[in-house]
2 protein chains.
Amino acid sequence: MRLAQDGVLTSNCPSRVVLDHLTSKWGVLVLSALADGTLRWGELRREVDGISEKMLAATLRTFEADGLVHREAYPEIPPRVEYSLTALGREAAEALGPLLRFAVEHAEEIVG
Amino acid sequence: MRLAQDGVLTSNCPSRVVLDHLTSKWGVLVLSALADGTLRWGELRREVDGISEKMLAATLRTFEADGLVHREAYPEIPPRVEYSLTALGREAAEALGPLLRFAVEHAEEIVG
DNA sequence: CTGTATCCGTTTCGATACTG
DNA sequence: CAGTATCGAAACGGATACAG
């Protein structure tokens, strides 16, 4: 099957870091929520069921630094901030698609 | 893009558990190592660079319980145990493919 | 060789309270 | 509304020693 090409399995490979971010506890969920379109902070918080404010903030900051998520703040009262995927973020979300589908399709089979 | 179909984002959805196992710190790497074929315990330990014995054992036990990994023990001296993917495990590994490729391809771009 | 058991520091994470 | 700060509990995870 040759899945582990080019050294994902090697500890000093940079891909490990990317993998860690994408597969972090909330990373997959936040990314897949944003894949449906732009969301505000509050919407994101409600959408990703069970996430705490702290974890949402941390996850978003990581992805913003990675260039996967774009943050747009509007200087209004009350404040409004919108989050969306960058082109790179959309690529990442697409790469996550098969994994999401597998999880949903086989959930009962595995957990049940 | 409609990625989050059927409620991956809902906290009580069983798919969350599957996702947690697959995206656990070492889950992706162990699965991708086994995607190349059957491996013995020691080989696996060397292959997945940086994993501790404790984490390898825990990851393998989880996947075995999930029905993703098959464990075959040979009653010899010295003992020999081989691990391989089940049909379901191969499906999971395939679902992980795009993610692995994305990580490797964009590692420098993101981390650098 | 293939693990298990234990110790113990580190990190994660959620709850709560608070700010602009 | 959109966060930040702080705290404590819990889980994670590595090193080591040991066992079959």
Side-chain angles (χ1 to χ4, degrees), chain A residues 9-12 16-31 33-34 37-66 69-85, chain B residues 9-13 16-31 33-34 37-66 68-85:
Chain A
L9 298 177
T10 310
S11 61
N12 57 356
R16 278 276 186 99
V17 178
V18 179
L19 225 43
D20 278 351
H21 292 182
L22 289 178
T23 65
S24 67
K25 182 171 176 64
W26 299 105
V28 179
L29 302 178
V30 167
L31 237 38
L34 287 175
T38 298
L39 288 176
R40 300 179 56 170
W41 165 273
E43 295 173 323
L44 214 33
R45 178 143 170 51
R46 280 186 298 277
E47 194 88 2
V48 182
D49 195 23
I51 196 172
S52 68
E53 296 186 343
K54 179 178 176 178
M55 283 303 103
L56 179 55
T59 305
L60 285 173
R61 264 187 273 118
T62 298
F63 283 152
E64 203 192 341
D66 287 346
V69 163
H70 174 67
R71 177 182 187 276
E72 187 74 37
Y74 299 90
E76 308 169 350
I77 303 287
R80 179 165 58 100
V81 180
E82 296 188 339
Y83 293 90
S84 58
L85 294 185
Chain B
L9 298 179
T10 309
S11 61
N12 57 357
C13 180
R16 279 275 188 101
V17 178
V18 179
L19 224 43
D20 278 351
H21 292 181
L22 289 177
T23 66
S24 66
K25 183 173 175 65
W26 299 104
V28 178
L29 302 178
V30 167
L31 236 39
L34 286 175
T38 298
L39 288 176
R40 299 178 57 169
W41 165 275
E43 294 172 324
L44 214 33
R45 178 144 172 50
R46 279 186 299 276
E47 194 88 3
V48 182
D49 195 23
I51 197 171
S52 68
E53 295 186 343
K54 178 181 176 178
M55 284 302 105
L56 180 55
T59 304
L60 286 173
R61 264 187 275 117
T62 298
F63 284 152
E64 202 192 344
D66 288 346
L68 300 176
V69 163
H70 174 69
R71 178 182 186 277
E72 187 74 37
Y74 299 89
E76 309 169 349
I77 302 287
R80 178 167 58 101
V81 181
E82 296 187 339
Y83 293 90
S84 58
L85 295 185

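Note that these values count all heavy atoms, side chains included, but never hydrogens, waters or copies made by symmetry. So you know, we letter chains A, B, ... as the sequences are listed, proteins then strands, and number each from 1. On a predicted model such as this, the values are computed, not experimentally measured, just so you know.
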Would you kindly give the CZ-to-C1' distance between B:R61 and C:dG3, to the nearest whole Å?
-> 9 Å
Taking DNA chain D as the partner, which of residues 23-31 of chain B come within under 4.0 angstrom of it by heavy atom?
-> B:K25, B:W26
A:H21 NE2 - C:dT12 P separation (whole Å) = 10 Å
In short, A:L22 meets A:V28 closest at the heavy-atom pair O-CG2, 3.2 Å
How long is the gap from OH on B:Y83 to CG on B:L56, to the nearest 0.5 Å?
-> 7.0 Å
For B:E64 and C:dT4, what is the distance between atoms CD and P respectively, to the nearest whole Å?
-> 10 Å
At what distance, to the nearest 0.5 angstrom, does CG of A:L85 lie from CG of A:L31?
-> 5.5 Å
Would you check if the side chain of A:R16 reaches a backbone N or O of A:L9 as a donor-acceptor pair within less than 3.5 Å?
-> yes
Bounds of contact between DNA chain D and chain B, in 5' to 3' order, using a heavy-atom cut-off under 4.0 Å | D:dG13 to D:dG20
Test item: B:L29 and B:I51 side chains (from C-beta on) under 4.5 Å apart, heavy atoms = no
d(A:E82 CD, A:R71 CZ) to nearest 0.5 Å is 11.5 Å
Got a sec, which residues hit salt bridge (Lys or Arg N to Asp or Glu O under 4.0 Å) with B:E72, two or more places apart in sequence or on another chain?
-> none
Check whether any side-chain N or O of B:S24 sits under 3.5 Å from a backbone N or O of B:G27 as a donor-acceptor pair, and report yes or no.
-> yes
Interface with DNA chain C, restricted to residues 42-57 of chain A and to heavy atoms under 4.0 Å = A:S52, A:E53, A:K54, A:M55
For residues A:H21 and A:T62, report the shortest heavy-atom separation together with the two atoms involved.
-> ND1-CG2, 3.5 Å
Salt bridge (Lys or Arg N to Asp or Glu O under 4.0 Å) contacts touching residues 42-55 of chain B (sequence neighbours left out) | B:R45-B:E53
Near DNA chain D, under 4.0 Å by heavy atom, which residues of residues 68-82 of chain B?
-> B:P79
Could you tell me the separation between the CG atom of B:D20 and the NZ atom of A:K25, rounded to the nearest 0.5 Å?
-> 5.0 Å
Work out which heavy atom in A:V69 is nearest to a heavy atom in A:L60; give both atom names and the distance.
-> CG1-CD2, 4.4 Å
Give the minimum heavy-atom separation between B:L39 and B:A33, together with the two atoms involved.
-> CD1-O, 3.9 Å
